[in-house]
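A short write-up of the structure that comes next.
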Amino acid sequence: TKGEAAPSTETTSSIWRIEDDDGLLVEEVQTFRSFGAHGVAHITSEGSHYLAVSMYYADFVAILKWDGSRFEEHQRLPCEGGGGIC
């Protein structure tokens, strides 16, 4: 069905924080359920932050919204193919 993926294709993706103030700091800050996350775009709208994540093994792009402490799935947009952001 549209907006779904086979359970066997489920993966875990990570969000990383990178700082380069007094030396390089790379830190994993969050993981989230995905289906072969293959591309990501950061979007800001009316003061809110979003990540659009294309899924290689699914027919949608997941829109994650920052809630002040983490990104949560906000919406799924239909997309054919997961080679990048549709």
Side-chain angles (χ1 to χ4, degrees):
T1 62
K2 286 287 188 191
E4 297 297 322
S8 63
T9 62
E10 185 173 322
T11 59
T12 300
S13 295
S14 299
I15 298 173
W16 298 82
R17 179 172 62 115
I18 301 172
E19 290 184 11
D20 191 12
D21 295 332
D22 296 323
L24 187 63
L25 169 69
V26 180
E27 175 184 31
E28 182 181 57
V29 295
Q30 180 181 336
T31 60
F32 63 96
R33 185 179 127 205
S34 64
F35 298 94
H38 193 67
V40 65
H42 175 255
I43 302 161
T44 303
S45 176
E46 299 180 357
S48 294
H49 294 271
Y50 301 86
L51 295 178
V53 184
S54 65
M55 304 293 175
Y56 191 79
Y57 298 114
D59 61 356
F60 63 88
V61 171
I63 306 300
L64 308 178
K65 183 179 182 182
W66 182 251
D67 71 3
S69 61
R70 63 182 288 116
F71 283 96
E72 295 288 344
E73 187 169 316
H74 175 69
Q75 186 176 4
R76 291 183 177 186
L77 302 176
C79 179
E80 302 253 346
I85 301 300
C86 297

For [Y], does its backbone N or O pair with a side-chain atom of [X] as donor and acceptor, under 3.5 Å?
X: Q30; Y: F71; result: yes
X: S54; Y: G39; result: yes
X: T9; Y: F35; result: no

Any chance you could measure [X], atom [atom1], to [Y], atom [atom2], to the nearest 0.5 Å?
X: E72; Y: W66; atom1: CD; atom2: CH2; answer: 10.0 Å
X: I63; Y: R76; atom1: CD1; atom2: CZ; answer: 11.5 Å
X: H38; Y: Y56; atom1: NE2; atom2: OH; answer: 6.5 Å

Residue pair [X] / [Y], side-chain heavy-atom distance below 4.5 Å:
X: H42; Y: L51; value: yes
X: I18; Y: L24; value: yes
X: V26; Y: W16; value: yes
X: F60; Y: C79; value: no
X: L77; Y: Q75; value: yes

From CA spacing to verdict: side-chain contact (heavy atoms from CB on, under 4.5 Å), V53, L64: CA-CA 8 Å; V53 184; L64 308 178; 4.1 Å; yes
Salt bridge flag under 4.0 Å for residues E10 and R33: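 R33 and E10: salt-bridged.
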Residue pair T31 / T12, side-chain donor-acceptor N/O under 3.5 Å: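 No.
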Set of side chain to side chain contact (heavy atoms under 4.5 Å, CB included) partners for S45, sequence neighbours left out: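 Only Y50 meet the side chain to side chain contact (heavy atoms under 4.5 Å, CB included) criterion with S45.
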Set of residues satisfying salt bridge (Lys or Arg N to Asp or Glu O under 4.0 Å) with respect to E27, sequence neighbours excluded: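 So E27 forms a salt bridge (Lys or Arg N to Asp or Glu O under 4.0 Å) with R17.
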Nearest atoms (heavy-atom pairs only) where T11 meets A37: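 Between these two residues, the closest heavy atoms are OG1-N, 4.4 Å.
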